[in-house]
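Just the heavy atoms: all of them, side chains too, but no hydrogens, waters or symmetry mates, feed the values below. Only a predicted model underlies this, so the values are computations on that prediction, with no experimental measurement involved.
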Amino acid sequence: MNHCSWKAESRQHRWIPIRDQDYTDQLLSSAQKDKDWLVSNRRQIHENPELRFQEHHTSALIRKQLDQLGIPYSYPVAKTGIVAQIGSGSKPVVALRADMNALPIQSRTSLELKSRPVTHACGHDAHTTMLLGAAKLLNQRKISLKGTVRLLFQPTEEGGAGAAQMIREGALGDAETIFGMHIDCKIPTGSIALVPGPFLAAVSFFKTKIEGVGGHAAGPHYTADPILAASFAILALQQLVSREADPIHSLSR
């Protein structure tokens, strides 16, 4: 949307965008008006948690809301995923992504509002609600939208390779940029934290087998103790993280 004025910064001879405060306030006001709707959706998702690739209730709720908003979408994508689109279809194309799945753990809270039998312990209920809220705000302003926004409701986070499967099925389309959102209890409410480049984009697994040679306590020098070897391996691997890797960057870099 073209709601940004510009001014020249004379010393460095470059242009910098100046945010339209009135438009920002208008967006925040619209979001506040939808608070009850957002809370209701989030609670429904939270109370009906579903494991990866099993988000049938969650997916149905999202499709119902998109239908009511008049936002077109494709379903199913990656089994239970949804890809909605707002705008003319022309470039630039920006994608927004939220994951939907719960985790295979049980909630022990005594509060009335809780997930069962599995749990939304990682905030994916909030992520899905945030994307629904963004969809509503964007759809209300689609006439002035300069380009296209794709909304990706992903069926599972990277533990289940949900992103990879959605990409294989064409969820990104012509997207030039994608934003993946995640709540963080360490960041003050009302704040947004950004990191340039990939961040927590994937996790890798590997298995190591250490074999020993048995023997008698009277002749330990004829044995190969796998417990001792494993202990040294653990210490050495930990040092890669604590002494060799830049703490600001992911170890995968």
Undergrad: When Ile, Leu, Val, Met, Phe, Trp and Tyr are grouped by side-chain heavy atoms lying under 4.5 Å apart, directly or through other members, which residues fall in the same group as Leu228?
TA: Phe232
Undergrad: Heavy-atom distance under 4.5 Å between the side chains of Leu61 and Leu132, does that happen here?
TA: yes
Undergrad: Taking all non-hydrogen atoms of both residues into account, name the closest pair between Tyr75 and Ile82 and its distance.
TA: CD1-CG1, 3.8 Å
Undergrad: Which atom pairs, donor and acceptor, lie under 3.5 Å between side-chain atoms of residues 32-40 and protein residues at least two apart or in another chain?
TA:
from: Asp34; atom 1: OD1; to: Lys136; atom 2: NZ; distance (Å): 3.1
from: Trp37; atom 1: NE1; to: Gln65; atom 2: OE1; distance (Å): 3.0
from: Ser40; atom 1: OG; to: Gln44; atom 2: NE2; distance (Å): 3.4

Undergrad: What verdict does the side-chain contact (heavy atoms from CB on, under 4.5 Å) test give for Leu138 and Leu96, after you've listed the backbone C-alpha separation in whole Å, the side-chain angles of each residue and the deciding distance to 0.1 Å?
TA: CA-CA 11 Å; Leu138 287 165; Leu96 305 178; 4.2 Å; yes
Undergrad: Measure from the side-chain N and O atoms of Glu50 to the backbone N and O of His57, and report whether any donor-acceptor pair falls under 3.5 Å.
TA: yes
Undergrad: In chain order, what residues pass the side chain to side chain donor-acceptor pair (under 3.5 Å) check against Thr223, with sequence neighbours excluded?
TA: none
Undergrad: Locate the shortest heavy-atom distance separating Ile187 from Ala193; write the atom from each residue and the value.
TA: CD1-CB, 3.5 Å
Undergrad: Ignoring hydrogens, what is the shortest heavy-atom contact between Glu176 and Pro92? Give both atom names and the distance.
TA: OE2-CA, 3.5 Å
Undergrad: Is the shortest side-chain heavy-atom distance between His124 and Thr58 below 4.5 Å?
TA: no
Undergrad: Are more than 12 heavy atoms from other residues, nucleotides or ligands located less than 6.0 Å from atom CD1 of Ile227?
TA: no
Undergrad: If only atom types and distance count, is the side chain of Asn101 paired as donor or acceptor with the main-chain N or O of Glu157 below 3.5 Å?
TA: yes
Undergrad: Please give the remaining members of the hydrophobic cluster of Leu103, linking ILVMFWY side chains under 4.5 Å, ordered by chain and number.
TA: Ile105
Undergrad: Examine distances only and state if a side-chain atom of Ser88 and a backbone atom of Ser90 form a donor-acceptor pair shorter than 3.5 Å.
TA: yes
Undergrad: Taking transitive links into account, so neighbours of neighbours count too, which hydrophobic residues share a cluster with Met166 at under 4.5 Å side-chain distance?
TA: Val77, Val83, Leu152, Ile167, Leu172, Ile178
Undergrad: Answer whether the closest heavy-atom distance between the side chains of Ile234 and Gln238 falls below 4.5 Å.
TA: no
Undergrad: Using the side-chain contact (heavy atoms from CB on, under 4.5 Å) criterion, which residues pair with Thr208? Sequence neighbours excluded.
TA: Phe206, Ile210
Undergrad: Does Gln106 CD have over 12 foreign heavy atoms under 6.0 Å away?
TA: no
Undergrad: Minimum heavy-atom separation for Leu69 to Asn139, with atom names?
TA: O-ND2, 2.9 Å
Undergrad: Which heavy-atom pair separates Val93 from Arg150 by the least distance, and what is that distance?
TA: CG1-CD, 3.8 Å
